[in-house]
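The shown structure was predicted, so the numbers you read here are calculated from the model rather than taken from an experiment. Note on naming: letters A, B, ... go to the chains in the order of the sequence lines (proteins, then strands), and numbering restarts at 1 for each one.
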There are 6 protein chains.
Amino acid sequence: MTQIYDTILITGAAGRLGSELRLGLAPLARKLRLADMAPIQNLQAHEEAVTFDLGDEAAVMAAVEGVDVIVHFGGAPLERPWDEILNANIRGSYHIYEAARKHGVKRVVYASSVHAIGYHRLEDHIDTNAPHRPDSLYGLSKCFVEDLGRLYWDKFGIESVALRIFSSFPEPADRRMLWSWLSFDDCVRLVTAALSAPMVGFSLSFGMSDNKVKPVDNGLAGHLGYYPQDTTEPFRAGVEGKTPALDPKAPAVQHLGGWFVDLGHPDDEAK
Amino acid sequence: MTQIYDTILITGAAGRLGSELRLGLAPLARKLRLADMAPIQNLQAHEEAVTFDLGDEAAVMAAVEGVDVIVHFGGAPLERPWDEILNANIRGSYHIYEAARKHGVKRVVYASSVHAIGYHRLEDHIDTNAPHRPDSLYGLSKCFVEDLGRLYWDKFGIESVALRIFSSFPEPADRRMLWSWLSFDDCVRLVTAALSAPMVGFSLSFGMSDNKVKPVDNGLAGHLGYYPQDTTEPFRAGVEGKTPALDPKAPAVQHLGGWFVDLGHPDDEAK
Amino acid sequence: MTQIYDTILITGAAGRLGSELRLGLAPLARKLRLADMAPIQNLQAHEEAVTFDLGDEAAVMAAVEGVDVIVHFGGAPLERPWDEILNANIRGSYHIYEAARKHGVKRVVYASSVHAIGYHRLEDHIDTNAPHRPDSLYGLSKCFVEDLGRLYWDKFGIESVALRIFSSFPEPADRRMLWSWLSFDDCVRLVTAALSAPMVGFSLSFGMSDNKVKPVDNGLAGHLGYYPQDTTEPFRAGVEGKTPALDPKAPAVQHLGGWFVDLGHPDDEAK
Amino acid sequence: MTQIYDTILITGAAGRLGSELRLGLAPLARKLRLADMAPIQNLQAHEEAVTFDLGDEAAVMAAVEGVDVIVHFGGAPLERPWDEILNANIRGSYHIYEAARKHGVKRVVYASSVHAIGYHRLEDHIDTNAPHRPDSLYGLSKCFVEDLGRLYWDKFGIESVALRIFSSFPEPADRRMLWSWLSFDDCVRLVTAALSAPMVGFSLSFGMSDNKVKPVDNGLAGHLGYYPQDTTEPFRAGVEGKTPALDPKAPAVQHLGGWFVDLGHPDDEAK
Amino acid sequence: MTQIYDTILITGAAGRLGSELRLGLAPLARKLRLADMAPIQNLQAHEEAVTFDLGDEAAVMAAVEGVDVIVHFGGAPLERPWDEILNANIRGSYHIYEAARKHGVKRVVYASSVHAIGYHRLEDHIDTNAPHRPDSLYGLSKCFVEDLGRLYWDKFGIESVALRIFSSFPEPADRRMLWSWLSFDDCVRLVTAALSAPMVGFSLSFGMSDNKVKPVDNGLAGHLGYYPQDTTEPFRAGVEGKTPALDPKAPAVQHLGGWFVDLGHPDDEAK
Amino acid sequence: MTQIYDTILITGAAGRLGSELRLGLAPLARKLRLADMAPIQNLQAHEEAVTFDLGDEAAVMAAVEGVDVIVHFGGAPLERPWDEILNANIRGSYHIYEAARKHGVKRVVYASSVHAIGYHRLEDHIDTNAPHRPDSLYGLSKCFVEDLGRLYWDKFGIESVALRIFSSFPEPADRRMLWSWLSFDDCVRLVTAALSAPMVGFSLSFGMSDNKVKPVDNGLAGHLGYYPQDTTEPFRAGVEGKTPALDPKAPAVQHLGGWFVDLGHPDDEAK
């Protein structure tokens, strides 16, 4: 892969996926600007770091200056109380898009999530045109940012790819991840495709590795050119050996969102 | 129409449509609770008034207590700066749904808008399953509340109908409204249908009168039983006489959202 | 309506709907042959009667001789033990189609049922292409006969219209029937359309009156020319006055099949 | 209807439908320019006549000068030898569109035909998005002009409505016309709608009266605002009395194109 | 593959495919219970045999006791007279599902067939949602059992996968099988996927090897995780060398069901 | 590949793709008849040459005599003035199909083009059922011949495959071709598949190599058995090194037709 950008801003760069992208996207740009609330460790020569809360509009605005493209993986990475979702994911992402607009950024690649569509069922085999069906406040915020990206393309001409990441961890940790897992290497491949595709407008893509069980159809993302190369098959025996069989009647098994559909409201003390 | 509820809460009850609903929905309940930021005038015996800002969570919570169903027409009714949209439409609607959940409200009827789908084109003849395509921050907030309603049905069992109202004014005021107009009486019919349909889960309906030009397909809302009875034909000669012909190549003519697609960002000083 | 056939065979002619068809279809033929297990009362000059069990293949064969078209409304009209469904509805209908094939009958109009698709949901607003989703052994037998009709058209060139009748009673008896009711007059109109349409091949049509709530889409049956003229609105106040409000979370309210989805297996003693 | 154009050019103005349009469209413009190969009779004050062959490019170019909109009903009106179809329908329509482009005409309303889709089946209940399926060289030329109109909208911004007229005659003349008939008054309504709709881009509409049997779905043309007001029911008894019943297995009965599907090649001497 | 069940019942275990499954499924369970009308040969330590006619309800009930999952491949494997289809395929399969219900069996994997959809055309490239279109009484019985499985999932919570097997033989025997063949190894892979997928509800899958010509789309079965590994290409030259070219106008070539569409009624003496 | 035809006629045989087909198709027939306006060089023993203009009906008729199948790649291969498109592509292809009809040719494989659908957008990810949307007179002529092939199948039983070739050149020459390229070898594979598929009726297939970015869905052509084996990845670095990045807002980047959408009318002197 050759350099296709001068400067890429990665938000959430100290996080689990952000750390992988920091390594994986290095060949694509002269400079990576790494943003997070937490300090960035071990800064390299081609990297620069900025530390701020996404809810701080001025800080976001400053961090985006001089950037060609934004890989927006920051914000709360799972279900959290409303105030936190509102601040980090809704207000924070709005700040990112506003900064992109004001600084002429060309494209935003966003870490959306399966939880934007978590109440769809495996057997419905949906594609990326299926309506939003969030399974949590977290998923609701992902829906919001997808719509935000759509608006900024239609009205302001800023391209976006929203990646609905399923389960990106070092290894598949349970039986659901045998189909939902996205390996770190495939995650880098997916972001790379979203950054290098010739024309994206506003596009959606599911984010999974090439696992055997495929309950969704990513065909509408063919213009991105994402080809996963990993699969959970090497992990199957291990996972099946240490975890019990699933109950096919359990909502967490029937729906794409998994155990998120069993969550109550995050603001309730006793759920 | 017979009484089907004990108490209906109407938000935005002092507004243009709220005032119509206050009259039109009276037969459906023993008591109407009328909410707005502005004071409610001329309170009747079957009415009670509450005054608060939707951004005030505690006030919303109090206003919802003892209510069977909410007709949520409050919030900013057109494009406004982000902070206002965020407070009134996003935070405010979240407060409404949370209060509904905590107080066991059965159903919410929400005033969504054509601006949630404003970047679709007339000639595409979309139905209510078409993806969100907001044309403004206002429209973006409408998308958010639709997804919120979907979540609260899927997870908490609260029914919702989101009504995508096109142009509800006393009379069609321009040539676009010759197809997009929703008469006040039809608006009451639409909300009445949404309140009385036997089963709605989370449902969407377009809101227009029975105008001659029909650029969208509301067939998926057949389970609501909404039948508009007004039409813009009596106003056609008048409107065409006092307004110039449209330019079919203008974005505001090609897209459902009309002149909203021409709006810049509301936070820009010079647009 | 003018005579379009010489002889029409009506099965189930002593039943609730059969009795209505006996009157309503009289103008369409010179002769009506009325079949039932029970004796036919008050035979008229243009009528002839045959009495037999649909499970009796030879009797069916004899009854079909000399017939132009069959209106097949016989068989068990609701959930029954398997042996009865098997004999009357599955074997019986097979005998009808075999007799039609052997005697050169041109068209069969069949009383299928909502219960062939009873597990679809109101809010899905299905059309007649939706897959079978029976809610009972009765519904399963209706699916079988629809497929049988399809086979006899594709292979043997016998036309069929399968009418998925929802609730055909003198009056709507409960709140579900406010949307599902088919008046007797509309039932006659529907069968008349199915008998007189120029080209049907194998066609499906839903059977409901022009009720306000329309949870299914019958557009694919436009080539039949069925126009219901009755509606449940005159009965609404009465029904709503004497029956309790529905629980939108009840499966019998959410699904097209109504209380059939709550039925257990008919062969179980204690359900 | 008020005047919405200064000058309308009607081609084929001496023909069966052209003569009707000449009367029916008069209120829409200050001036009608009437074109045909045959001389125009009884010219009125608000009319002017031009006589030419559509294959004559220069004559077409001259006839279009100063025109706001073209109602293109000229050309061979049924199956003809290839050379005639090529000259009048293919070359002739190309000349019309080229003249529209060069003279800045805003919109073209074109008399396409059911024969562009004649090999689709009644029971498939197609909409206007179904692929071309011509049943004759005549139908093939209609497909060509539809694609031509699409190109001139996409590339040159000239709006078009292609009207797929089924059977437009004074009265329904046979049993097929009981569903396919377009009354002359409804034809005028349809062209009027196509001329006055606010935004058409490139649009397709079927052209039939409000007949009882409706084997196609015109819902995608809702943005045109065409409402037929005639029906064949008053003619049914007469037609059925003097014509034999149809054979449902005959290709001419099963397909939309009727007896055109039985035609051989027009250039064959013995067919 | 690891053991995922204690006891699997295989019906039709003495048949062509049953014999393959007996070998191929052995790793998935501690015990295979092998059922057939014919005696089972060479019983192994991990196997047990039961012999009965599927029409014998009591025998089926006994055979299912203590079973976790049923692989139902028994019944008439091709077109047969009605009485035999009725007894073995319709009544027999009903007995299997009833026994599953009474004994708490979790999942049924059923050998459905291409002949449930045999009248669809190759060029239509259907997916598993296409309506039933049986080509024989045999295919009709397959449709029935698919609907039966759907009912038992919706009402009783028993999962099913219906496998529409195309042509499963040792080698492709004719030119049609060059696209329709399912190798024995792929058949075992398909059943294994259906047995081990995490969530199936009621699912359909086509059953073909990875042949070059693919006239159907199995994408909706992606949640099963079936990956064929065989192909007919090694057999192509041989088959094409010894069989004549196909006539593309022959119904048996145009339709998925092949020569089954040419069959008459099995009860006719001279067909 | 074995011989499956006696004589194949290849039109445009002296052209870029024709020359490749001349080599690649040789194994499929005893004799190749090579047609072009230009003389054929280096005729081989299994070849025969005919030289004529496609507009010359008698010459085409003579050239088709004795032929089993036609691979029609002749005509203007890119945008040209109307008279040339009309003569070579419209009249010329009509002559080919008429000759096929008169001489009993079984199948025509036609070089259609992406330019028949060039105004569709990459992000819409269309399949072959999407409506025609030509981007040029050239593309318009391709639409015409597709419809012609459809007519000759429906009416005269001559099979056709229209191959919508994207960019077939020795190497991808620009960034658009990184997704649109069809290698010469894959072009031969595609034509071979179209010639050898068992049943094609009238079929459409996109023609691209197995490139990483796939903006269209060729799934409906699965019955042809085309499997590209080349990809542009080896050329990526070279192409990206010597050509500038694309502007995602440029129409030529957003639409399938590429720079054809920027072309004006070929008959204009100054465009």
Side-chain angles (χ1 to χ4, degrees), chain C residues 57 79 82-83 85-87 90-91 93-95 97-98 101-102 115-121 127-156 201-202 204 220 251 255 257 260-268 271, chain E residues 57 79 82-83 85-87 90-91 93-95 97-98 101-102 115-121 127-156 201-202 204 220 251 255 257 260-268 271:
Chain C
E57 183 174 8
E79 185 64 327
W82 167 245
D83 285 345
I85 294 289
L86 178 67
N87 186 64
I90 293 179
R91 291 183 64 246
S93 298
Y94 176 77
H95 297 155
Y97 272 89
E98 267 297 271
R101 181 174 76 90
K102 290 195 173 147
H115 300 295
I117 49 162
Y119 267 111
H120 286 287
R121 300 166 65 94
D127 66 20
T128 47
N129 266 347
H132 286 157
R133 217 161 167 179
D135 58 22
S136 52
L137 296 184
Y138 170 72
L140 180 65
S141 73
K142 297 291 172 179
C143 295
F144 172 82
V145 184
E146 290 185 358
D147 291 335
L148 179 68
R150 168 64 87 173
L151 172 65
Y152 273 64
W153 164 246
D154 279 337
K155 191 175 277 288
F156 304 119
F202 172 78
L204 287 163
L220 295 170
H255 293 97
F260 269 59
V261 307
D262 293 334
L263 293 176
H265 197 286
D267 292 354
D268 290 352
K271 182 166 39 91
Chain E
E57 184 174 8
E79 185 63 327
W82 167 244
D83 285 344
I85 293 290
L86 177 68
N87 186 64
I90 292 179
R91 291 183 65 245
S93 297
Y94 176 77
H95 296 156
Y97 270 90
E98 265 298 271
R101 182 174 75 90
K102 291 197 171 145
H115 300 296
I117 48 160
Y119 267 110
H120 286 288
R121 298 166 66 96
D127 66 20
T128 47
N129 265 346
H132 286 156
R133 216 161 166 177
D135 59 19
S136 52
L137 297 183
Y138 170 72
L140 180 65
S141 72
K142 297 293 171 178
C143 295
F144 172 82
V145 184
E146 290 186 358
D147 291 334
L148 179 68
R150 169 61 88 172
L151 172 66
Y152 274 64
W153 165 245
D154 278 337
K155 192 176 276 290
F156 303 118
F202 172 77
L204 287 163
L220 294 171
H255 293 97
F260 269 58
V261 307
D262 292 334
L263 293 176
H265 196 287
D267 293 353
D268 291 352
K271 189 163 32 101

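Ranked by non-hydrogen atom pairs under 4.5 Å with chain E, the options Pro131(C), Ser136(C), Gly139(C) are led by Ser136(C). Counting heavy-atom pairs under 4.5 Å between each of Glu98(E), Lys102(E), His255(E), Glu146(E) and chain C puts Glu98(E) at the top. Between chain E and the residues Arg150(C), Lys155(C), His132(C), the most heavy-atom pairs under 4.5 angstrom are made by Lys155(C).
For Phe156(C), the part sitting under 4.5 Å from any heavy atom of chain E is the side chain, from C-beta outward, and nothing else. Contacts of Phe260(C) with chain E are made by backbone atoms alone, with heavy-atom separations under 4.5 Å and no side-chain atom involved. Within the 4.5 angstrom heavy-atom criterion, atoms from both the backbone and the side chain of Leu151(C) approach chain E.
The nearest pair of heavy atoms linking Gly118(C) to Asp135(C) is CA-OD2, 3.3 Å.
Taking 4.0 Å as the cut-off between side-chain N and carboxylate O, Asp268(E) and Arg101(C) count as a salt-bridged pair.
Using cut-offs of 30° and 60° on the angle between ring planes, the pair Tyr94(E) and His265(C) is tilted. Taking the six-membered ring for Trp and thresholds of 30 and 60 degrees, Trp82(C) and Phe144(E) have ring planes inclined between 30 and 60 degrees apart.
Note that CD1 of Ile90(E) is 10.5 Å distant from CG of Leu148(E), once rounded to the nearest 0.5 Å.
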